[in-house]
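Data first, discussion second: the structure below is written as structure tokens.
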Amino acid sequence: PPSSIHIYPTEPSVQAGDLILETDQSNMSEIVLLTPSVLIAGLRGLGVEIAKNVILCGVKSVTVQDEGQTVWADLSSQFFLKEQNLGQNRATCSLQQLSALNPHVLVSAHTGPLSEDLLLQFQVVVLTDSSLDDQKRFGEFCHSHGIKFIVADTKGLCGQLFCDFGEEFTVLDRDGEMPMSAMIQSITKENPGVVFCVDEQKHGFSDGTKVVFSEVQGMTELNSVGPVEIKAHGPYSFSIGDTSAFSEYERGGVVTEVKQPFVVKFKPLSDALLDLELLKMNDYGKVSRHHTLHLAFQALHNFVKKEQRLPRPWSEVSALYSLLQSTAWPPFFFFLQNIIDQLLLVAHVSVLLCFPLCTFCFLQACSGKFTPLQQWLYFDALECLPEEEHQLTDGLFSRGTRYDGQIAVFGSAFQEKLERQKYFLVGAGAIGCELLKNFALIGLGAGEEGQITVTDMDFIERSNLNRQFLFRSQDIGKPKSEIAAKAAREMNPQMQITAHQNRLDPDSEGVYDYNFFMGLDGAAAALDNVEARVYLDGLCVKHQKALLEGGTLGSKGHTLVVVPHLTESYGQDKSSSKNAFPLCTLKNFPHRIEHTLQWARDQFEGLFKQTPENVNLFLSDAGFVERTLAHGDAEALEVLGGVWSSLTDLNGGGQRPTSWEDCVSWARCKWETLYNNDICQLLHCFPPDQVTSTGLPFWSGSKRCPHPLTFDPNNSTHMEYVVAAATLYDSTREILKNIRVPSFTPKSSVKIHLTDKEMQEDKEKQSGDAGKSKLEELKAKLASPSLKVSAKQMYPIDFEKDDDTNFHMDYVVAASNLRAENYDIPAADRHQSKGIAGRIIPAIATTTAAVAGLMCLELYKLVQGHKKISSYRTAYVNLAVQYFVMSQPSRPLQFKVSYGSAAVLQPFLLTVSYCVGFRDRIYEAVSHLPNLNKALLTA
């Protein structure tokens, strides 16, 4: 309810349990804390998963209700129960560990039956493992008393979800995304006025969208007008109200969407049962199955009501059919037989299933943020069952083990194979914690021959605690991989886990080498950036190992399974080229904080990584200079000039430091060059009042007019730049007083490029006499024997966002915010900058739990060795707007190579062999070809 929402200003130390509704925390402007009391009825596997996520989110109180005692089958899905809890109440046994998740949430247990008096104490009620009669009875009661009501249920590999948020439920934010915005190119003075946006990016608005204006010059009246409704004319223009009485538009301006609330109506469960229009589709290859499951769940409830138990697999199909005949709509009865057979097989057990989607419905119920489910969702993963039915015959009886539920579905042979698996988990963060929990529950690598290797170089921070549930406050500062492995072993003492703190990159190939990968059955990616995913995918392709890949972006999630020779791989990073910013925008015309952060990252790479690498190549490789010259004069001048400058001290005209004072002097002069001199040069070429050939202001639209900065040692951002490039604050300040900064005069001969094409054309022209003479001079300087004699190897720095002691993020944040100050772009704090510059993908607990569950469903198929591509699923979900799509993965690209010409084949085969890593297989395949240069191929 609105009265339970409290808004607090952002604080740097968000505690675990603070429910953060900004899904992208890098853009968080305020934190919304919810204070409802929540009742979760039923504490088997599904109930504890919901309770875990709700408690991590942070609410006033959570009460878990369960009258039942722990049995063996519970241990395969209820991760807070242990063998010593057998025969004890599930709620009371889980209470201590649930409470430890978040000290700010009051958690209590109720072991008695549900009653209407009990429900009146809560604002949100969640039923799991409940009868249809209870669902109808309590659903009607909650609907009439304004209590948000959620039903969630699983039967083996099938799941059901229902929401009822009352007669009228107000949604404050449809999707949780940041409001759309666009840069303004011009605004007409007429009725209606037409706004034209810059053509770099479509505005994304639709008819009826309400917007506000800011930073408009000339027609300043728009800056103070409230939300204006627009009518879209095209991707780059829209009309607003009457602007004929306003001042003439001059330049600039940003238009920003204002999100509007809307009302959603819900039916009580008894009425919704009869309305198939309320079924939300998720796997469009199973449309008829969604309707079938809606009926089948009702039939199961009716059978349990009559017989006081679930039906036995195989033997009681006819009894269930007779109940279905009274409820089934004729068009769907045809599809029932196969589904009922499979549902009966799994209905009497609880198998690990991704259904934390229910928690997201809870967030919607409490906050009014995100579009709620209306009103039914069915999910099944029956394609996880063995492809051959005869494999199902040996696991239908209890064996008195923690895997009884799983064995009942997949058989004992599968369980033994699961325990022998050797898997490599990369990442122990949000998704990694969920995966380790799942691995412990299903027994992956839990046998004597099994092994899980997990690596993560990061250490636990306080901000991790509200979504990485294996960690507690006492673990802050400890390695993530070690603590996560320890927690998984506590869930399942049979787990065989080894924890590493290595980064997965070329430097760790000595550890994760050919022998390591050939000993694996597969790998799982639980990473927070695309580059690392691409690298791991390449290793799996090279060694022909299966890969489970999953990622989240706030409420969005995606999973991919890579099966060698059957499905496509993750592939190269396409985002960098697709979303790359134009170089001229970064260099001269930034207008978003993302531009300044990318510019700062490029500065970091150029100064601290690329130039030292070039110096080392020059010192160790005699052919480096000639190879560089072959790349063109412009590039050679830049690269060789950087090498010479780095090897020559300040007295000789270079930049090589010989003392700490030299380092500080270099950093101070670099500041002056970047934030004063370069801006003065830009304004000399294009003054603030510059107009284009058409008479329009040059500095308009996406071109923000910059201003130079004056260094101030009392300005923290100015000093942070120098400190990051040098060292500690106090000593730096004293040295700065004695540094002489060279004066600067803008040059009329300098040309500022307006487009990347123009920049490239000028680059190609720089091979004139002046450029060649500079190159010859550089070659002579670099050829001096004394240069290499006195030179030392440099140490290139790889950007690392997570080490707060290495000054990497300090440099990037300061460099970016100074650049933003030049162009009057709102600065970004360290948290925001870290997310953008480190290309971090933000996560929330519910989405990561759903993604990890979907990944483990694909794991079931991999371990069984499914051969049909139709058995596998790629998943795309956006829990904020109830978007769920499961699709068949794509097949890998096929290449047909002619055997006609061995001479043509040889270089192609070598290239393929290197890139794909199938050297031995290719050699074997072509060894019979005539005239094959086997020595060349082997080399």
Side-chain angles (χ1 to χ4, degrees), residues 42-49 66 68-91 93-94 97 129 154-158 309-310 312-314 344-354 381 384-386 390-423 434-452 485-497 521 852-853 856-857 859-865:
L43 213 63
R44 294 182 185 271
L46 178 58
V48 77
E49 178 67 42
D66 199 311
Q69 277 70 49
T70 305
V71 296
W72 276 111
D74 290 329
L75 302 187
S76 62
S77 60
Q78 220 283 27
F79 44 86
F80 283 153
L81 294 178
K82 298 178 173 60
E83 292 185 16
Q84 58 264 37
N85 300 135
L86 292 171
Q88 301 175 24
N89 180 268
R90 285 186 288 260
C93 290
S94 306
Q97 295 187 76
D129 196 26
T154 60
K155 294 290 184 268
L157 293 165
C158 301
R309 60 175 175 79
L310 282 164
R312 299 184 183 92
W314 309 119
L344 279 181
L345 175 65
V346 300
H348 66 302
V349 296
S350 178
V351 174
L352 172 74
L353 181 65
C354 91
C384 289
L385 292 172
H390 65 79
Q391 297 174 274
L392 299 169
T393 58
D394 69 337
L396 303 180
F397 304 100
S398 175
R399 296 164 181 260
T401 74
R402 65 183 303 121
Y403 309 118
D404 270 0
Q406 194 161 256
I407 292 173
V409 176
F410 297 106
S412 58
F414 167 79
Q415 187 61 47
E416 293 169 4
K417 186 175 182 182
L418 198 63
E419 294 174 18
R420 293 195 300 269
Q421 295 291 294
K422 296 178 175 64
Y423 258 75
E434 293 290 340
L435 284 175
L436 281 174
K437 170 205 68 177
N438 295 348
F439 291 171
L441 291 174
I442 67 178
L444 184 74
E448 292 183 1
E449 300 176 31
Q451 180 67 47
I452 303 295
K486 178 183 176 183
R489 277 192 292 266
E490 289 175 356
M491 289 183 186
N492 185 348
Q494 298 171 330
M495 291 292 290
Q496 308 291 326
I497 306 181
D521 292 291
C856 286
L857 291 176
L859 175 63
Y860 281 148
K861 305 166 190 177
L862 288 173
V863 175
Q864 292 176 86

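Every heavy atom of this structure was used, including side-chain atoms; hydrogens, water molecules and symmetry mates were not.
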Which atom pair, heavy atoms only, marks the closest approach of [X] to [Y]?
{"X": "N438", "Y": "C856", "value": "CB-SG, 3.4 Å"}
{"X": "A488", "Y": "M495", "value": "O-CG, 4.1 Å"}
{"X": "G87", "Y": "Q69", "value": "O-CG, 3.1 Å"}
{"X": "Q421", "Y": "L444", "value": "CB-CD1, 3.6 Å"}
{"X": "R402", "Y": "P493", "value": "NH1-CD, 4.4 Å"}
{"X": "F410", "Y": "P386", "value": "CD2-CD, 4.2 Å"}

*Taking R90 as the fixed residue, which of D129, D74, T70 is the one that meets the side chain to side chain donor-acceptor pair (under 3.5 Å) rule?*
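Per the side chain to side chain donor-acceptor pair (under 3.5 Å) rule, the option paired with R90 is D74, out of D129, D74, T70.
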
Distance, nearest 0.5 Å, that separates [atom1] of [X] from [atom2] of [Y]:
{"X": "R420", "Y": "Q415", "atom1": "CZ", "atom2": "CD", "answer": "10.5 Å"}
{"X": "K437", "Y": "N492", "atom1": "NZ", "atom2": "CG", "answer": "14.0 Å"}
{"X": "L81", "Y": "L86", "atom1": "CG", "atom2": "CG", "answer": "8.5 Å"}
{"X": "E490", "Y": "F79", "atom1": "CD", "atom2": "CZ", "answer": "14.0 Å"}
{"X": "R489", "Y": "L436", "atom1": "CZ", "atom2": "CG", "answer": "10.0 Å"}
{"X": "L385", "Y": "L157", "atom1": "CG", "atom2": "CG", "answer": "5.5 Å"}

Does [X] use its side chain to pair, donor to acceptor, with the backbone of [Y] at less than 3.5 Å?
{"X": "E49", "Y": "G45", "result": "no"}
{"X": "Q496", "Y": "E449", "result": "no"}
{"X": "D66", "Y": "N89", "result": "no"}
{"X": "E419", "Y": "G450", "result": "no"}
{"X": "E434", "Y": "A852", "result": "no"}
{"X": "Q406", "Y": "I442", "result": "yes"}

*asked:* For F439 and L859: C-alpha separation, side-chain torsions, deciding distance, then whether side-chain contact (heavy atoms from CB on, under 4.5 Å) applies.
replied: CA-CA 10 Å; F439 291 171; L859 175 63; 3.8 Å; yes

*Contacts of type side chain to side chain contact (heavy atoms under 4.5 Å, CB included), residue Q88, not counting sequence neighbours*: N85, C93

*Let me see the working for L435 and Y423 under side-chain contact (heavy atoms from CB on, under 4.5 Å), right down to the final yes or no.*
CA-CA 12 Å; L435 284 175; Y423 258 75; over 6 Å; no

_According to salt bridge (Lys or Arg N to Asp or Glu O under 4.0 Å), who are the partners of D521, at least two apart in sequence or on a separate chain?_
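Residues passing salt bridge (Lys or Arg N to Asp or Glu O under 4.0 Å) with D521: none at all.
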
_Can you tell me if E448 has over 12 outside heavy atoms packed within less than 6.0 Å of its CD?_
no

